[in-house]
Each structure stands twice: as structure tokens, then as C-alpha cells.
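What follows is a short report on a single structure.
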Number of protein chains: 2
Amino acid sequence: MRETDIEALRQLPLFENATAETLRVATAGALLQPFPAETTLLIEGAPSDCLYVLLDGQVELHASWNGSDTVLSIARPVSMFILAAIVLDADALMSARTLERSLIAMIPGDAVRTAMRLDPHFAGAVARELAGGYRGMVRSTKNIKLRNNSARLANYLLTLRAAGGFGAVVRLPYDKRVIASLLGMTPESLSRSFSALGTQGILVSGPVVTIRDVSALEAIAKPDPLIDMHAPRCAEIRADTDAEIWASEQTRTSCR
Amino acid sequence: MRETDIEALRQLPLFENATAETLRVATAGALLQPFPAETTLLIEGAPSDCLYVLLDGQVELHASWNGSDTVLSIARPVSMFILAAIVLDADALMSARTLERSLIAMIPGDAVRTAMRLDPHFAGAVARELAGGYRGMVRSTKNIKLRNNSARLANYLLTLRAAGGFGAVVRLPYDKRVIASLLGMTPESLSRSFSALGTQGILVSGPVVTIRDVSALEAIAKPDPLIDMHAPRCAEIRADTDAEIWASEQTRTSCR
DNA sequence: GTGCATGTTTGATGTGGATCAAGTAGCAGC
DNA sequence: GCTGCTACTTGATCCACATCAAACATGCAC
């Protein structure tokens with residue numbers, strides 16, 4: 001990777017405050033590579049050789065069992081994935097697939113682990129990143145175990161609205177079938193849940209959703225700060241399951 | 001806490017290889033306290049003041065939304081909980097409640113974060129612990145999103161069997177209603193799932209389950225190493241969601 | 001434009017599992 | 001023993017959601 005490309009990695013909270021030396025060690029042997037859409041980068045069960053950093057595009061993280069498949073998270077720039085597997089040098093638990101043409105940095109796992117050993121501050125940053133990811137998964141589990149399809153969809157729309165600056169119009173960031181799987185339902189059920197929301201002032205036109213009555217939507221969603229990320233925010237969502245980092249960052253730095 | 005009590009914390013992978021100094025810093029101001037059964041230690045949404053280490057007993061980690069409640073994990077000795085919240089100095093996402101009389105060490109969060117800053121090796125141990133917890137949550141999410149009630153129960157029984165040395169008889173470690181919630185179903189459904197397994201050579205008598213035909217059970221469970229922890233193991237399960245650590249440890253040390 | 005693939009919606013139907021309700025078993029206290 | 005409490009089971013019913021199937025849209029290749 002070129003020097004300027006490596007600097008791009010500083011957009012990650014993980015490398016934000018890293019010393020030049022740590023960044024050099026951590027990214028030794030890293031590659032920057034574009035991938036076409038619909039490309040499988042990693043299959044679950046495979047050893048995790050390198051940490052992936054998504055610089056541009058979209059990557060779906062999914063898993064399968066017994067012939068069926070579910071989307072666990074979607075990475076959006078700039079974010080990384082399979083950090084946990086890298087830290088433990090373990091097999092990946094998810095598969096990764098590009099949804100669109102994506103620019104991805106691949107950092108050898110050894111380099112990351114070496115940097116953790118050498119730089120306590122970096123190891124701390126890794127720990128905070130993983131803590132955020134863990135909490136994202138806890139939120140996701142609560143979402144799935146406690147809420148029904150309508151409530152999950154309603155909260156998802158509120159999350160998008162918050163991420164998009166609280167406008168009345170939100171744009172669905174990926175195909176509805178992907179959203180359906182992410183929300184733990186079938187595409188048919190998502191479609192029906194959308195039309196059920198039609199009576200509550202939600203208009204859907206392709207990927208564009210218009211929210212005419214936020215309080216009606218909230219009445220269905222019953223949002224909860226311990227599950228959702230609807231709070232006013234400064235940064236964009238980077239991935240559905242590791243959005244915790246900025247949430248705590250934000251608290252500390254008062255949205256600056 | 002007394003010197004000898006602090007040594008007990010070394011049973012945690014987190015402190016296993018910590019220097020005496022790090023252990024001293026990390027546990028500064030820690031308290032050791034017994035709690036009666038059915039005691040709420042922590043309510044979700046509360047600031048996480050200290051890291052809890054369960055030395056004896058059982059603690060249920062649960063969460064609620066809109067009047068309903070679900071068990072997310074159960075901590076068994078020796079394990080810790082709410083590490084992620086401590087690392088980020090964030091509000092707890094789960095409530096914690098003792099299921100039986102429990103002996104618990106409470107370590108101030110500041111001390112843990114200070115130790116992370118001072119000792120890179122300790123920060124690395126925290127990162128590995130969190131990585132294990134994250135992966136446990138990923139497994140749990142896959143379990144819930146991909147499998148039905150029967151498959152979840154069947155795999156749960158296989159997990160207990162593996163943890164108990166692969167004997168034909170396993171003992172349910174907690175009340176069935178707790179297991180039901182942990183597995184994401186109602187007590188009624190758990191009861192019916194158990195009786196459905198009766199035709200497959202599973203006998204249930206109170207907390208004792210006899211597995212007469214493992215392959216029949218496996219045919220229902222379709223166990224998957226990327227979801228379950230059925231593999232032969234040396235250590236006991238410490239908690240349902242952070243059992244990943246020993247799995248990787250074990251790989252490295254060949255079960256020694 | 002036509003043709004074809006892919007994604008989405010709509011309709012009909014089925015079912016896994018929740019809910020509601022009653023009954024039973026186990027156990028502590030007396 | 002009896003009483004009361006709690007956990008669990010069993011039965012009847014219901015409903016949220018999945019499944020199956022067909023129609024409909026959208027976009028692209030040509």
C-alpha cells in the first residue's frame with residue numbers, strides 16, 4: 001500500500017490516534033484492492049488471514065446453516081470487519097460478500113497482532129472497537145428476541161432517519177431483500193410490514209421512504225436507547241453492528 | 001479484597017498471565033461480596049461502575065423491552081460480565097440477577113481502564129476476552145436467526161453433553177423457564193420440544209436428561225462448529241456467550 | 001423496441017410457536 | 001399429614017409469520 005492510502009486508514013477510530021510507527025507496523029504487508037460487486041471475499045469457517053477495511057462500497061456479512069442464510073451486518077465505509085477473528089487468530093464465523101464495487105484494504109492478521117503487542121494504546125483501541133462490536137451484537141440480539149417484524153422495521157426506519165439528519169425522506173441503503181434478511185424476516189414479510197405502515201403515514205416508493213408522521217412511527221417502534229441508535233448523531237453509521245464506538249465517543253466529546 | 005481473594009481472580013483468562021503489579025492496579029478498590037439468590041446486581045441503562053467477577057454461584061444476564069424480558073446469557077464461575085460496558089465507560093445494556101447465592105468480586109471500572117493503559121499485555125488480554133464475547137454473540141445470533149425451537153434445544157443438549165464429558169446423562173444447570181428464555185422460546189414451547197424429542201430417545205425427568213441415541217439427536221440438531229461449542233473440550237463452560245476464549249486457547253495448547 | 005433476468009408485491013394457504021387456561025408435580029413450612 | 005407456593009406440563013386456540021405461487025415492475029443486453 002502507498003503512504004497516502006495508509007493515511008486513509010486513519011479514518012478508522014482504531015487508527016485515529018495511532019502513532020506513525022504503530023500504523024506502519026500494523027499495516028505491514030497490507031494490500032489495497034478493488035473488488036467487483038457480488039464478490040465473496042471470505043467464507044465462514046475459513047482461517048482469517050487478514051483484517052478487511054472497507055474504504056468504499058458495501059459489504060454484506062452473512063452466515064448460513066442447513067441451507068438457509070441470514071445477513072448479520074452490513075459494513076459501510078469506513079469500517080472494518082472480522083477483527084474479532086483476527087485478534088484470536090480463529091476461523092471466521094461469517095462470510096463476507098461485496099454488494100457493490102468496493103475498495104478494500106487487507107491487512108495481515110500477524111501485523112495487527114504484532115502492533116497490539118508493541119503498542120498498549122493500540123491494544124486499547126482494539127479492545128474499544130471490539131467492545132463496541134460486542135455491544136452492537138447485544139443490541140441486535142435484543143432487537144430480534146424481543147420485537148416483532150413491524151417493530152423491527154419501524155425502528156430500522158427511525159435509525160435511517162437519524163443517520164440521515166432527521167429529514168422526512170429516507171433512502172433505503174440496499175436492496176429490500178437484504179434489509180429483510182438483516183431484520184430477520186422474509187422479503188414478503190418486509191413488503192407486507194411496509195404496507196401495514198402505510199396506514200401510519202409511511203409512503204414507500206422503490207428505495208425511497210417518506211415518513212409523514214414520526215410519532216405514529218415511534219408508537220409502533222417504541223424505540224429504546226438500549227437497543228437502537230436513534231439518538232442525534234454527528235457521524236454516519238459505519239456498520240450496523242459496530243456503531244457503538246462513536247456513540248460513546250460522542251457522549252464524551254459532546255458531538256464535536 | 002484480601003491478597004488470597006485477589007489470587008482467585010487469576011482463574012480468569014483475563015488475569016491468568018498478568019503481572020503482580022498489573023493485577024494490583026487492575027483490582028485496586030475491588031470488593032468481594034456474597035449476594036443472596038434472586039438479587040438484582042445491575043439494571044440495564046445504569047452506568048457501569050464496576051466489572052463483576054463471578055467466583056461462585058450463577059448470574060443471569062437479561063434484558064427487557066416493552067414489558068417482556070429475555071435471558072441473553074448466564075454467567076457461571078469463574079467468569080466476568082459487563083466488560084464491554086466497562087471498557088467504553090458506557091451504560092449497561094443488560095441487567096444482572098443472581099439465580100442462586102453467589103460470591104462476586106466487584107472491580108472499579110477506573111482500575112480496569114487504568115491497567116489497560118499501563119500494561120499492553122493486559123490490554124491485549126481484554127481485547128481477546130472481548131473478541132471471544134463478540135464471537136459468542138455472533139454464534140447466538142446465528143442460532144436464533146437460523147434455527148427453529150427444536151434445533152436450538154437439540155443443540156443445547158449436545159452442548160451440555162460435551163461440557164459434561166459426553167456421558168449419556170446431562171443435568172440441566174438451571175430452571176427450565178430460564179433455559180427457555182435463553183433459547184428464545186416460551187416455557188410451554190420448551191416443554192413441548194422436550195416431549196417431541198421423546199420419540200428420538202430423549203428422556204426427561206426433572207432436571208435430568210438422558211440421551212439414549214446421540215445420532216438421532218444430532219440429526220435434529222445438525223450441529224455446526226461455527227454456531228455451537230460441541231467440540232471435545234478440556235475446560236468447563238464459563239458463560240454461554242464468552243466460551244470462545246478457551247476454544248482458541250485449546251487449539252493452541254492442544255488441550256493441555 | 002423485444003426478451004430476459006432480477007427484485008418486489010400481492011394473494012392464498014399452512015404452520016410453528018405463542019397465548020390462554022387448567023391441571024399436576026414437587027417441595028418448604030408447619 | 002395439610003397448606004400454599006412455584007415450576008412444570010398439557011390442552012385448546014390463535015396469530016404472526018413463512019411458504020408457495022403468480023403477477024408485476026425495473027433494468028439491462030441486444
What side-chain donor-acceptor pairs closer than 3.5 Å can you find for residues 50-58 of chain A, not counting sequence neighbours?
| residue | atom | partner | partner atom | Å |
| --- | --- | --- | --- | --- |
| Tyr52(A) | OH | Leu41(A) | O | 3.3 |
| Gln58(A) | NE2 | Pro173(A) | O | 3.2 |

**Message:** So, using side-chain contact (heavy atoms from CB on, under 4.5 Å) as the criterion, who are the partners of Arg101(A) when residues are at least two apart?
**Reply:** Pro34(A)

**Message:** Please identify the 5'-most and 3'-most nucleotides of DNA chain C with any atom under 4.0 angstrom from a heavy atom of chain A.
**Reply:** dG7(C) to dA12(C)

**Pair listing, ring pair (Phe, Tyr, Trp, His ring centres under 6.0 Å) test, anchored in residues 197-220 of chain B, at least two apart** = none

**Asked** What pairs meet the salt bridge (Lys or Arg N to Asp or Glu O under 4.0 Å) rule with one or both residues in residues 161-177 of chain B, with sequence neighbours excluded?
**Response** Asp175(B)-Arg177(B)

**Request:** List in chain and number order the residues that pass side-chain contact (heavy atoms from CB on, under 4.5 Å) with Ser95(A), two or more places apart in sequence or in another chain; answer none if no residue qualifies.
**Result:** Ile43(A), Glu44(A), His62(A)

**Asked** Partners of Gln33(B) by side-chain hydrogen bond (donor to acceptor under 3.5 Å, both in side chains), sequence neighbours excluded?
**Response** none

**Fill in**
Within residues 191-210 of chain A, the residues having a heavy atom closer than 4.0 Å to DNA chain C are Ser191(A), Arg192(A)

**Prompt:** Once you build an axis from the first five pairs and another from the last five of the helix from dG1(C)-dC30(D) to dC30(C)-dG1(D), how far apart in angle are they, to 10 degrees?
**Reply:** 40°

**Complete:** So side chain to side chain donor-acceptor pair (under 3.5 Å) across residues 199-226 of chain A, not counting sequence neighbours, yields Asp213(A)-Ser215(A)

**Asked** Under a 4.0 Å heavy-atom cut-off, which of residues 183-190 of chain A touch DNA chain D?
**Response** Gly184(A), Met185(A), Thr186(A), Glu188(A), Ser189(A)

If you look only at distance, which donor and acceptor atoms sit under 3.5 Å apart when one is on a side chain in residues 187-194 of chain B and the other is two or more places apart or in another chain?
| residue | atom | partner | partner atom | Å |
| --- | --- | --- | --- | --- |
| Ser189(B) | OG | Thr186(B) | OG1 | 3.1 |
| Ser193(B) | OG | Ser189(B) | O | 2.9 |

